[in-house]
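Below is one structure. I have some questions about it.
Just so it is clear: chains get the letters A, B, ... in the order the sequence lines come, proteins before strands, and each one is counted from 1. This one's a predicted model, so the numbers in the text were calculated from it and none came from an experiment.
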Amino acid sequence: MAPAAAGLRTDFCGRLRIADVGRVVSVCGWVARRREHGEHLAFLDLRDYTGILQCVVDGAHDLRAEYVVRVTGTLRRRPEGTTNPSLETGEVELHECTVEVLNAADPPPFSLDSRVETDEIVRLRYRYVDLRSERMQKNLRTRATVTSALRQAMEGNGFLEVETPLLWTPTPEGSREFAIPSRLQHGSFYVLPQSPQIAKQLSMVGGIDRYYQIARCLRDEDLRADRQFEFTQLDLEASFVTEHEVQAFVEDAVARAIAAVTGERPAPALRLSWAEALERYGVDKPDVRFGMELVDLKSVFAETAFNAFRSDAVRALCFPGGAALGRARLDALVERAKGLGAKGLVWMRVVPGDGGGLALDSPVVKFLSDVEQTGLLTALDASLGDLILAVADERRRACEVLGQLRIDLGRPPVYEGPWRLCWVVDFPLFDGVDDEGRPQAAHHPFTMPRPEDLDRLVSDPLSVRAQSYDLVLNGWELGSGSIRIHRREIQEQVFAGLGITREEAESRFGFLLGAFRYGAPPHGGFAVGIDRLVAILAGEENIREVIAFPKTQSGADPMTGAPKPLTPAHLAELGLRVAPTAGPNAPGGARRG
RNA sequence: GGACCUGUGGUGCAGCUCGGAGUGCACGCCGGCCUGUCAAGCCGGAGGUCGCGGGUUCAAAUCCCGUCAGGUCCGCCA
């Protein structure tokens with residue numbers, strides 16, 4: 001819990017209470033605010049990470065915001081009528097104070113007051129100041145609470161923490177890797193690991209049995225609100241387990257982390273197959289906190305005369321209260337659907353009908369029979385004032401477009417509880433084909449197919465299901481995992497399915513395939529995105545808010561100025577020459593300061 | 001690679017549609033007054049290449065083009 005104060009101070013600002021009245025205490029911190037009342041009275045709000053304490057000081061002190069000071073005085077109960085219920089220390093104050101300025105400070109570049117939302121680039125440029133804010137203090141402490149709970153859970157389940165290399169070997173395929181030039185072998189490179197995937201599998205061959213690591217992963221892909229170049233995963237792998245045991249370990253760890261922050265263990269995770277998630281929610285990371293599920297209307301429109309609905313599939317959803325949307329808003333929805341790849345979008349308002357029933361208001365209603373209209377309303381369980389959105393298209397596209405519209409229209413902020421964990425299982429082994437018609441690995445090429453689907457690996461690869469699974473929290477993908485292939489002949493079949501030749505496989509993953517000859521146990525694992533988990537628990541929609549020193553969307557660090565050009569001497573030492581077309585970072589190129 | 005939004009004293013905003021003197025608000029900053037405040041209060045003051053470049057115009061923060069930076073998203077993230 002709270003550490004004992006030591007060194008220059010006897011106490012922390014935010015922890016002093018009525019019970020401490022009469023004690024002579026020393027506190028240290030930053031000047032949060034001062035209120036001066038002439039030459040001989042001023043109030044000084046002193047801030048450390050625990051909170052704020054009011055100190056009554058002689059007005060003659062030259063104290064400014066963010067000065068670092070040590071205050072020694074006697075704690076007393078505040079005079080009648082001057083308590084401040086909005087402070088945890090609001091019943092007490094420090095008086096007869098001696099103030100030592102440990103360090104003066106320039107005025108801060110922005111207010112640390114939580115009421116003012118400062119532009120993020122300013123906060124990032126002066127991140128060391130921003131970190132003093134209540135928000136960042138709380139977020140980083142939430143993060144530490146989460147990682148601590150995850151470690152405890154993993155160790156409680158017998159997992160061994162093992163570190164894996166940051167300087168790894170290129171394994172083309174997958175996400176783009178950051179390259180590190182070798183000084184000792186010019187022209188050769190390490191890469192930073194996009195995850196410790198292969199290393200942890202090798203640890204299983206090595207008899208570690210249960211491995212975990214709070215691991216930094218690095219991917220040179222474009223950044224997003226929920227994606228940074230470098231991010232942190234709870235990475236784990238276990239031997240002699242089925243996917244159910246892996247999921248139980250993961251769910252226990254995540255539930256404990258949630259409980260450590262919220263005080264409450266979440267309900268057990270739902271389980272959905274990938275196919276069911278797509279059918280009901282139109283995405284592979286369903287947000288099951290709200291309804292608006294997708295409905296199959298194919299049977300309603302089996303014989304329809306409406307050409308647009310004579311399609312491979314007709315899916316719809318019902319947006320409660322959406323009939324109030326104006327025409328401009330509806331047109332925007334149609335455009336959104338087209339932007340997502342749909343041929344079109346049909347909207348229908350549910351309005352009062354003759355004789356007290358329900359009717360549809362839509363440009364296409366004249367093409368629909370009475371039976372179809374009734375069937376539609378029944379299938380969607382629509383009520384007066386709702387808006388029905390329908391897409392007719394190829395099945396998967398219809399589902400995916402409506403799934404996105406469902407999120408656009410109905411989704412609460414990610415951090416709004418309840419915490420609804422959801423396993424999505426039975427992913428396909430391959431997901432579509434590449435430009436040359438070869439199947440693409442949906443997860444990664446070491447994922448074990450379902451045994452009953454093995455015989456279709458060559459004849460019908462796209463129908464093969466994998467022993468892989470994702471964990472979803474409130475519509476955010478928290479992580480994914482799988483049972484791995486541990487037998488060489490299955491691995492070769494999957495490589496064959498992916499169009500990877502024996503020679504290619506040997507050059508890319510030869511060391512892994514070699515290892516598998518020497519007694520690889522059945523094994524599987526998972527990785528949990530800690531930044532995302534913490535962001536949700538901290539009530540943030542952006543993982544930058546739970547990372548001490550994040551990068552901007554263009555991959556820059558406004559505080560340090562990284563990335564920067566290397567000196568010619570440094571480049572020469574690494575045996576590198578920057579191509580003249582490399583842009584502003586090239587030697588001699590323009591570069592802002 | 002693409003779409004959309006944003007850029008105005010240190011900070012947060014208004015001004016931009018419909019061009020007319022850097023005009024305004026709040027916080028902060030500097031100076032003065034003030035012995036119970038807590039977003040203290042009162043008085044005075046300083047502080048601006050309106051992101052940058054070009055164009056249109058008698059005249060541009062405002063209209064047009066380009067560019068840079070930040071954000072959200074698509075592509076991308078096995």
- prompt: So what does A:R176 hit on the nucleic acid, given a heavy-atom distance under 4.0 Å: a base, only sugar-phosphate, or nothing?
  reply: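 The answer is nothing, as A:R176 stays clear of every strand by at least 4.0 Å.
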Would you indicate what A:S554 reaches in the nucleic acid, counting non-hydrogen atoms under 4.0 angstrom: base, sugar-phosphate, or nothing?
sugar-phosphate
Quiz prompt | Any-strand Watson-Crick or G-U partner of B:U49, both distances under 3.5 Å | solution =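 WC or wobble partner does not exist here.
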On RNA chain B, more 5' by nearest nucleotide between A:L340 and A:I198 is A:L340
> In whole Å, what separates the P atom of B:C38 from that of B:G10?
Replying inline: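 It works out to 30 Å between them.
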**OP:** With heavy atoms under 4.0 Å as the rule, sort A:R34 into base, sugar-phosphate or nothing.
**Re:**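 Sugar-phosphate contact only - A:R34 comes under 4.0 Å of backbone atoms but never of a base.
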* With a 3.5 angstrom cut-off on both distances, give the Watson-Crick or G-U wobble partner of B:G9, or none if there isn't one. =>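 Across any shown strand, B:G9 pairs with none.
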Partner of B:U72 by Watson-Crick or G-U wobble geometry, both contacts under 3.5 Å, or none?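 For B:U72, the partner nucleotide comes out as B:A3, under the 3.5 Å rule.
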Practice problem: Measure the distance from NE2 on A:H40 to P on B:C34 and round it to the nearest whole Å. | Solution: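 In whole Å, B:C34 P lies 10 Å from A:H40 NE2.
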- Tell me yes or no: between the side chains of A:Q404 and A:E400, is some donor less than 3.5 Å from an acceptor?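 Checked: A:Q404/A:E400 side chains show no N/O donor-acceptor pair below 3.5 Å.
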Practice item. Measure the distance between the ring centre of A:H37 and the centre of the six-membered base ring of B:G36, then answer whether it is under 5.5 Å with planes under 30°. Key: no
Separation of B:C29 atom C1' from A:D106 atom CG, nearest Å, is 12 Å
Rounded to whole Å, the CD-C1' distance (A:Q197 to B:C77) equals 15 Å
Looking only at N and O atoms, is any donor in the side chain of A:R227 or the base of B:C76 less than 3.5 Å from an acceptor on the other one?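 For A:R227, whose side chain was compared with the base of B:C76, there is a donor-acceptor pair (under 3.5 Å).
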In whole angstroms, the gap separating C1' of B:A40 from CZ of A:R35 amounts to 7 Å
- Query: Quick one: the side chain of A:E36 and the base of B:G41, do they pair up donor-acceptor inside 3.5 Å?
  - Reply: no
Short side-chain N/O contact from A:Q54 to OP1 or OP2 of B:U37, under 4.0 Å
no
_Measure CG/A:D470 against P/B:C77 and give the value in whole Å, please._
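Taking CG of A:D470 and P of B:C77, I get 15 Å after rounding.
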Heavy atoms only, 4.0 Å cut-off, all strands: where does A:R544 land among base, sugar-phosphate and nothing?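 Touches sugar-phosphate only.
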Using a heavy-atom cut-off of under 4.0 Å over every strand shown, decide if A:S111 touches base, sugar-phosphate, or nothing.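 Answer is nothing: A:S111 stays at 4.0 Å or more from every strand.
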Minimal heavy-atom distance between A:L429 and A:V494, with the atoms involved, is CD2-CG2, 4.4 Å
All heavy atoms of A:L218 vs all of A:R216, minimum pair found to be CD1-O, 4.2 Å
- Query: Between B:G75 and B:A39, how far is it from one C1' atom to the other, in whole Å?
  - Reply: 46 Å
In terms of ring plane angle, is the pair A:W274 and A:F427 parallel, tilted or perpendicular, where the classes change at 30° and 60°? tilted
Between A:V122 and A:G38, name the one whose nearest nucleotide on RNA chain B is closer to the 5' end.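 The residue whose closest nucleotide sits nearer the 5' end is A:V122.
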Within the structure shown, what part of the strands sits under 4.0 Å from A:N542 by heavy-atom distance: base, sugar-phosphate, or nothing?
sugar-phosphate
### Distance below 4.0 Å between A:R33 side-chain N/O and B:A40 OP1 or OP2
yes
| Looking across every strand, which nucleic acid part, if any, lies under 4.0 Å from A:D431 by heavy atom: base, sugar-phosphate, or nothing? |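 Nothing, no heavy atom under 4.0 Å.
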A:Q553 has its side chain closest, among B:G71, B:U37, B:U35, to B:G71
### Message
Taking the cut-offs as 6.0 angstrom to the six-membered ring centre and 45 degrees off its axis, would you call A:R532 and A:F231 a cation-pi pair?
### Response
no
Task: Sugar-phosphate only, base, or nothing, as touched by A:R47 at under 4.0 Å among non-hydrogen atoms - done: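 A:R47: no heavy atom of the nucleic acid under 4.0 Å.
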Against the side chain of A:T82, the closest entry in B:G12, B:C30, B:G36 is B:G36
Nearest-Å distance once atom C1' is located in both B:G20 and B:G12:
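About 28 Å, rounded to a whole number of Å.
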*Please determine if A:R508 and A:E504 form a salt bridge, counting it only when a charged side-chain N lies under 4.0 Å from a carboxylate O.*
yes
Among the nucleotides B:U72, B:G12, B:U37, which one has an atom lying closest to any side-chain atom of A:E93?
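Within the option list, the nearest is B:U37.
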Specify the separation, in whole Å, of atom CZ of A:F178 and atom P of B:C76.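 Atom CZ in A:F178 sits about 19 Å away from atom P in B:C76.
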Rounded to whole angstrom, note down the P distance from B:G47 over to B:G24. 14 Å
Under-3.5 Å donor-acceptor pair between A:D222 side chain and B:G75 base: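 A donor-acceptor contact between them is present.
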- Task: Could you check whether A:P109 gets within reach of a base, just the sugar-phosphate, or nothing at all, counting any heavy atom under 4.0 Å?
- Result: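 Sugar-phosphate contact only.
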inquiry  = Is there, by distance only and without an angle test, a donor paired with an acceptor across the side chain of A:R78 and the base of B:C38 below 3.5 Å?
reply    = yes
Separation of B:U35 atom C1' from A:L44 atom CG, nearest Å, is 16 Å
### Query
Shortest non-hydrogen contact from A:Q194 to A:S175?
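Looking at all heavy atoms of both residues, the shortest contact is OE1-OG, 3.1 Å.
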Practice problem: For nucleotides B:G70 and B:C34, find the distance between their C1' atoms and express it as a whole number of Å. | Solution: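 Here B:G70 and B:C34 have their C1' atoms 44 Å from each other.
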Smallest heavy-atom separation, A:D48 atom then A:G14 atom, equals OD1-N, 4.0 Å
With under 30° as parallel and over 60° as perpendicular, where do the rings of A:Y128 and A:Y126 fit, or are they tilted in between?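 Rings of A:Y128 and A:Y126: perpendicular, as their planes differ by over 60°.
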Pairing partner of B:G20, by Watson-Crick or G-U wobble and under 3.5 Å for both distances, is B:C58
Margin query: What's A:E117 touching, base or sugar-phosphate or nothing? Going by heavy atoms closer than 4.0 Å.
Written below: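 Here A:E117 touches the backbone only, sparing every base.
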Roughly how many Å apart are B:G53 and B:C58, using the C1' atom of each and rounding to a whole number? 23 Å
Ring-on-base stacking B:U11 with A:F110 (under 5.5 Å, under 30°): no
Once you round it to whole Å, what is the distance between P of B:C77 and CD of A:E221?
->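 One finds 6 Å between P of B:C77 and CD of A:E221, rounded.
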Requested in this report: For A:E477, report the nucleic acid contact type (base, sugar-phosphate, nothing); a contact means any heavy atom under 4.0 Å.
Outcome: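 Result for A:E477 = nothing.
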- prompt: According to the Watson-Crick and G-U wobble definitions, with both distances under 3.5 Å, which nucleotide is paired to B:C30?
  reply: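 Pair assignment: B:C30 / B:G44.
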Quick one: do the A:T552 and A:E120 side chains pair a donor with an acceptor below 3.5 Å? no
What contact category does A:S482 fall into here, base, sugar-phosphate, or nothing, at under 4.0 angstrom with non-hydrogen atoms? nothing
ask   = Can a donor-acceptor pair under 3.5 Å be found between the side-chain atoms of A:R224 and the base atoms of B:G71?
value =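 Between B:G71 and A:R224, which were checked side chain against base, a qualifying N/O pair under 3.5 Å is absent.
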For the C1' atoms, the ones on B:A14 and on B:G22, what distance do you get once it is rounded to whole angstrom?
14 Å
Practice prompt. Can you tell me, in whole Å, how much space there is between the C1' of B:A60 and that of B:C65?
Written response: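 About 15 Å, rounded to a whole number of Å.
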